[in-house]
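Working notes, structure below.
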Number of protein chains: 2
Amino acid sequence: MAQAQTLSRNQQIVLDIIEKAKGPLKAYSILFNVQKKGINAPQQIYRALDKLIEMGKIHKIESKNAFVACRSSDCEISKATAFSICESCEMVDEISDTKLSKYLSGFNHKKGMKFKRFNLEFFGICKKCKKD
Amino acid sequence: MAQAQTLSRNQQIVLDIIEKAKGPLKAYSILFNVQKKGINAPQQIYRALDKLIEMGKIHKIESKNAFVACRSSDCEISKATAFSICESCEMVDEISDTKLSKYLSGFNHKKGMKFKRFNLEFFGICKKCKKD
DNA sequence: TAACGTTTGTTATAATATAACATATTTGAG
DNA sequence: CTCAAATATGTTATATTATAACAAACGTTA
Ligand SMILES: [Zn+2]
Ligand SMILES: [Zn+2]
Ligand SMILES: [Zn+2]
Ligand SMILES: [Zn+2]
């Protein structure tokens, strides 16, 4: 189980950067952004990322190998995540839709497998990019 | 648009290996398995994989960076994919559920984004692993 | 045949992620 | 408080995944 709230120094640094970002961040771009703060090695980034994911503070966008802050608060500690992803500008938006979440959480596999977690990624072109 | 059916030599070699496999295969493990057939470089594998994905013959399991053959035939050329993944034995099963697929294909984002494609990955422990 | 698109081969390198080990810091039971 | 356990850090090296760039061969089809 993850600790309640207190973040360690590196975890806080990494979380701050991800929360401030307008879009998903990649691990090495985080690394380059924090080298002035004394973090020098990928391990330090990946360890912080792992913990932040466990705590539900951030999510990994699997199709992009990138990380976003959780804005949703009801995504049940990363057990039920859904995102919309613009294929043009790379924008990622966390989808917080109770109906969708319930539908998928209740979905049962024909072959009897009980699911503990899911991740859903939608792709398209966002409104902003359509105008261009 | 992808070509109708004819696969090139390398594409066929790669597809054969993926279809024969019991589970998802990683690009470099495919590479090691085909070196006897004269394929020597990652590029050759990745190029074949890209084309096979376009044609809907295989899918990429994003959370595992691995590839499986399509068994479903109605997954609309990789525009609507869903998988169940065992976190213990790494087994991957393509979910072919019309209701689920329709529900998600019809899902519309509150912010007006129209989706062209989705990928859904469920995680749990499969029946076989539960027995152990 | 000539032109075009597609596939192949090849070398090099970029980007993403983990292993392994030594230290330091925090936490909590006794 | 005090010591032991758990957690976090720093660091070097390496593994894994993926793409860039360029030259040559092949397969259309006009
Ligand atoms: Zn969330
Ligand atoms: Zn966009
Ligand atoms: Zn399929
Ligand atoms: Zn299993």
Side-chain angles (χ1 to χ4, degrees), chain A residues 1-18 21 23-68 87 90 92 119 121, chain B residues 1-18 21 23-55 57-68 85 87 90 92 119 121:
Chain A
M1 200 58 160
Q3 60 195 146
Q5 7 255 350
T6 54
L7 300 183
S8 76
R9 197 185 81 99
N10 288 1
Q11 287 160 13
Q12 190 64 62
I13 290 172
V14 170
L15 180 58
D16 283 349
I17 298 236
I18 296 177
L25 290 184
K26 305 206 148 216
Y28 276 74
S29 106
I30 295 169
L31 176 57
F32 298 141
N33 272 282
V34 299
Q35 294 197 313
K36 52 195 173 224
K37 302 207 174 170
I39 298 183
N40 305 298
Q43 264 292 8
Q44 297 174 284
I45 302 298
Y46 282 104
R47 285 197 286 226
L49 290 171
D50 286 348
K51 291 296 179 185
L52 291 168
I53 288 169
E54 268 183 36
M55 296 176 203
K57 301 279 189 190
I58 66 172
H59 302 297
K60 181 172 185 180
I61 307 301
E62 295 287 356
S63 61
K64 301 175 77 65
N65 298 317
F67 304 85
V68 295
E87 286 175 312
E90 315 265 282
V92 169
N119 180 56
E121 299 182 4
Chain B
M1 200 58 158
Q3 60 196 146
Q5 6 256 351
T6 54
L7 299 183
S8 76
R9 197 185 81 99
N10 288 0
Q11 287 159 14
Q12 190 65 61
I13 290 171
V14 170
L15 179 57
D16 284 348
I17 298 238
I18 297 176
L25 289 185
K26 305 210 147 209
Y28 275 75
S29 106
I30 295 170
L31 175 58
F32 297 142
N33 273 283
V34 298
Q35 294 198 313
K36 54 195 173 221
K37 302 208 173 168
I39 298 182
N40 304 298
Q43 264 292 8
Q44 298 174 284
I45 303 298
Y46 281 104
R47 285 197 287 228
L49 290 171
D50 287 348
K51 292 295 180 184
L52 291 169
I53 289 170
E54 268 183 36
M55 296 176 203
K57 301 279 190 190
I58 65 170
H59 302 298
K60 179 171 186 181
I61 307 302
E62 295 288 357
S63 62
K64 301 175 77 63
N65 298 317
F67 304 85
V68 295
I85 301 168
E87 287 175 312
E90 316 262 282
V92 168
N119 180 55
E121 298 181 4

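In this structure, the CD atom of A:Q12 is 17 Å from the C1' atom of C:dT25, given to the nearest Å. If you take CG of A:N10 and P of C:dT25, they are 13 Å apart, rounded to a whole angstrom. The separation between A:M55 atom CE and D:dA8 atom P is 6 Å, rounded to whole Å.
Minimum interatomic distance between A:I53 and A:K60 (heavy atoms only, all atoms of both residues): CD1-CB, 4.2 Å.
Side-chain nitrogen and oxygen atoms of B:S8 include none within less than 4.0 Å of the OP1 or OP2 phosphate oxygen of C:dT6. An OP1 or OP2 oxygen of C:dT8 is reached within less than 4.0 angstrom by no side-chain nitrogen or oxygen of B:N40.
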Problem set entry | Contact state string [nucleotides 14-30 of chain D, B base, S sugar-phosphate only, - no protein heavy atom under 4.0 Å] | ---BBBBB---------
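For the helix from C:dT1-D:dA30 to C:dG30-D:dC1, the end axes, each set by the C1' atoms of five terminal pairs, are bent relative to each other by 40° (nearest 10°).
Between the side chain of B:E54 and the backbone N or O of B:K51 there is no donor-acceptor pair closer than 3.5 Å.
Checked against side chain to side chain donor-acceptor pair (under 3.5 Å), B:S29 has no partners two or more places apart in sequence or in another chain. For A:D16, the side chain to side chain donor-acceptor pair (under 3.5 Å) partners two or more places apart in sequence, or in a different chain, are A:Q12. The side chain to side chain donor-acceptor pair (under 3.5 Å) test applied to B:E62 returns no partner, not counting sequence neighbours. Applying the salt bridge (Lys or Arg N to Asp or Glu O under 4.0 Å) criterion to A:E90, with sequence neighbours excluded, gives A:K64.
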I'd like a table of donor-acceptor pairs (distance under 3.5 Å, sequence neighbours excluded) in which one partner is a side-chain atom from residues 34-45 of chain B, with atom names and distances.
unit_1 : atom_1 : unit_2 : atom_2 : d
B:N40  : ND2    : B:G38  : O      : 3.3
B:Q44  : OE1    : B:N40  : N      : 3.0
B:Q44  : OE1    : B:A41  : N      : 3.0

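Here the CG-CD1 distance, from A:L25 to A:I30, works out to 5.0 Å after rounding to the nearest 0.5 Å.
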